[in-house]
Amino acid sequence: MRILNYGSLNLDYVYQVPHILRGGETLAASQRDIFFGGKGLNQSVALARAGAEVCHAGCIGEDGTAMRDYLRENGVDTAYISVTEGSSGHTIIQVEGSAQNCILLWGGANRRQERTKIDRVLENFGEGDFLLLQNEINEIPYMMEQAHCRGMHIALNPSPIDEQLMHFPLELADYLLLNEIEGNAFTGETKPEIILEKLKERYPRMKVLLTLGSDGCMYWDGSRIFRQGIYPVKAVDTTAAGDTFTGYFLAGILEGRPTEEILRRSAKAAGIAVSRQGAAPSIPTADEL
Ligand code: RIB
């Protein structure tokens, strides 16, 4: 059983600011760093650092080959990453004193996935393998349909949320990993219990992990609901905390660990990520837990 993460790779330009910019305002940043990120890349790093065997597929521009090297150095199989014309995806991230962030995303090469290439990648996977997707690349509905035909398990992290997502074949997803804002967009509800209830009703065979920020998370595994709190830390930068949770969670599922243990480990890993700067560099290894 292998996991294929078909996902984004972004160069994150991270600016430390006294507060997040308001419309019409000009503000000097006190520091700028460039990190490797993208929900896809972060989740592959988290999976690999958690001990899973992970293949990453996606597109970068000529300016993004260091991201492919970084994944490789972290033990990710990068054979399915292709270099396309034009620039890679990038983000402008503002981080304010309270560790809160806001992210402006430019899709770049992430939005240049082509069906012929997708077919060639998926040919190498089949029954029982996992396909992990986030919402930062194009052609997700096609990938879901093709993976489903091949008997793959589909795990979808519908982030960032947008109007198009509502038209995805969500019923094909075996795992939905989302936060409360995304849960609200799908169901119109704000109470976590009701969000889960509505999702269960609509997609009866789906397992749902709902993360709730400082309130931890809830997980519906198809037969019961589990709850897990957070491990409180001094927050420095919340970027990639959700990606860390997702990677550790799925690695635990692949390893067949007990659910309580999976959730505990994922919460610990996300806590460590929040206590450090940057996206991918903040993700801990399993030994650090
Ligand atoms: O989830 C965090 C990630 O979101 C960042 O690394 C950034 O690239 C955006 O995709």
Side-chain angles (χ1 to χ4, degrees), residues 2-12 35-50 52-61 64-72 74-84 88-91 103 105-115 117-118 120-122 124-125 129-144 146-147 152-162 164-165 168 173-179 182 209 239-251 253-254 273 279-280 283:
R2 291 174 306 157
I3 182 156
L4 169 68
N5 182 9
Y6 222 124
S8 58
L9 303 99
N10 293 332
L11 292 165
D12 288 343
F35 294 112
F36 298 141
K39 294 187 195 305
L41 179 146
N42 296 338
Q43 292 178 20
S44 280
V45 170
L47 277 155
R49 291 192 182 156
E53 208 182 298
V54 52
C55 301
H56 191 106
C59 294
I60 47 175
T65 51
M67 293 194 278
R68 186 184 53 193
D69 300 343
Y70 180 78
L71 280 178
R72 196 179 295 141
N74 275 278
V76 176
D77 181 342
T78 59
Y80 306 114
I81 296 180
S82 44
V83 181
T84 63
S88 299
H90 80 261
T91 61
I103 303 181
L105 176 66
W106 170 249
N110 295 312
R111 311 287 317 171
R112 290 198 286 274
Q113 317 296 333
E114 291 167 12
R115 291 189 177 193
K117 270 191 201 157
I118 295 167
R120 279 206 297 274
V121 172
L122 290 181
N124 299 284
F125 297 85
D129 289 333
F130 273 67
L131 174 68
L132 169 61
L133 298 164
Q134 311 80 26
N135 190 28
E136 288 190 341
I137 60 172
N138 60 313
E139 292 289 12
I140 291 175
Y142 181 74
M143 290 176 190
M144 290 178 78
Q146 297 306 307
M152 294 177 78
H153 302 291
I154 299 172
L156 176 67
N157 169 216
S159 184
I161 193 93
D162 63 16
Q164 282 177 20
L165 253 166
F168 284 8
D174 300 275
Y175 292 84
L176 189 66
L177 308 105
L178 74 178
N179 64 28
E182 291 144 6
L209 174 73
T239 315
D243 299 330
T244 305
F245 200 110
T246 296
Y248 267 83
F249 176 83
L250 288 173
I253 298 279
L254 285 162
I283 300 169

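We use all heavy atoms of the structure for the numbers below, so side chains are in, but hydrogens, waters and symmetry mates are not.
H56 places a side-chain N or O within donor-acceptor distance of the main-chain N or O of G7, the cut-off being under 3.5 Å. Of the possible polar contacts, one joining the D77 side chain to the A79 backbone as a donor-acceptor pair under 3.5 Å is found. Remark: the backbone N or O of I137 is not paired with any side-chain donor or acceptor of S8 at under 3.5 angstrom. Side-chain N or O atoms of R112 include none that pairs as donor or acceptor with a backbone N or O of T84 at under 3.5 Å. Formation of a donor-acceptor pair under 3.5 Å by the T244 side chain with backbone atoms of A46 is not found in this model.
Side-chain contact between Y70 and V45 is present, with heavy atoms from C-beta onward closer than 4.5 Å. At least one side-chain heavy atom of M152 sits under 4.5 Å from a side-chain heavy atom of L122. Put simply, the side chain of D129 does not reach to within 4.5 Å of the side chain of L4, judged on heavy atoms. At a threshold of 4.5 Å between non-hydrogen side-chain atoms, the residues Y80 and N124 count as touching. Contact annotation: the side chain of P141 never approaches that of Q164 to less than 4.5 Å [non-hydrogen atoms, C-beta and beyond]. Looking at R68 and T65, their side chains come closer than 4.5 Å, going by heavy atoms from C-beta outward. Using a 4.5 Å heavy-atom threshold, the side chains of P158 and N135 count as separate.
Partner N157 forms a side-chain hydrogen bond (donor to acceptor under 3.5 Å, both in side chains) with one of E136, Q43, Q134 and no other, that one being Q43. Under the side-chain contact (heavy atoms from CB on, under 4.5 Å) test applied with V54, the options L132, N74, L250, V76 reduce to a single match, V76.
Y6 has its ring centre no less than 6.0 Å from the ring centre of F125.
E182 meets the salt bridge (Lys or Arg N to Asp or Glu O under 4.0 Å) test with no other residue; sequence neighbours excluded. Partners of R72 under the salt bridge (Lys or Arg N to Asp or Glu O under 4.0 Å) rule, at least two apart in sequence or in another chain, are D69.
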Item checked: Worked verdict on T91 versus N10 for side chain to side chain donor-acceptor pair (under 3.5 Å) -> CA-CA 7 Å; T91 61; N10 293 332; 5.4 Å; no
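Within the model, atoms CD1 of I118 and CD of E139 stand 5.0 Å from one another, a figure rounded to the nearest 0.5 Å. The line from CZ of R120 to OG of S82 is 8.5 Å long, rounded to the nearest 0.5 Å. Once rounded to the nearest 0.5 Å, the distance linking CG of L176 with CD1 of I154 reads 12.0 Å.
Side chains of S44 and N5: a donor on one and an acceptor on the other come within 3.5 Å.
Residues G61 and S88 share a closest heavy-atom pair of N-OG, 2.9 Å. The minimum heavy-atom distance between D243 and G38, with the atom names listed, is OD2-O, 4.5 Å.
Using cut-offs of 30° and 60° for the angle between ring planes, the F130 and Y175 rings count as tilted.
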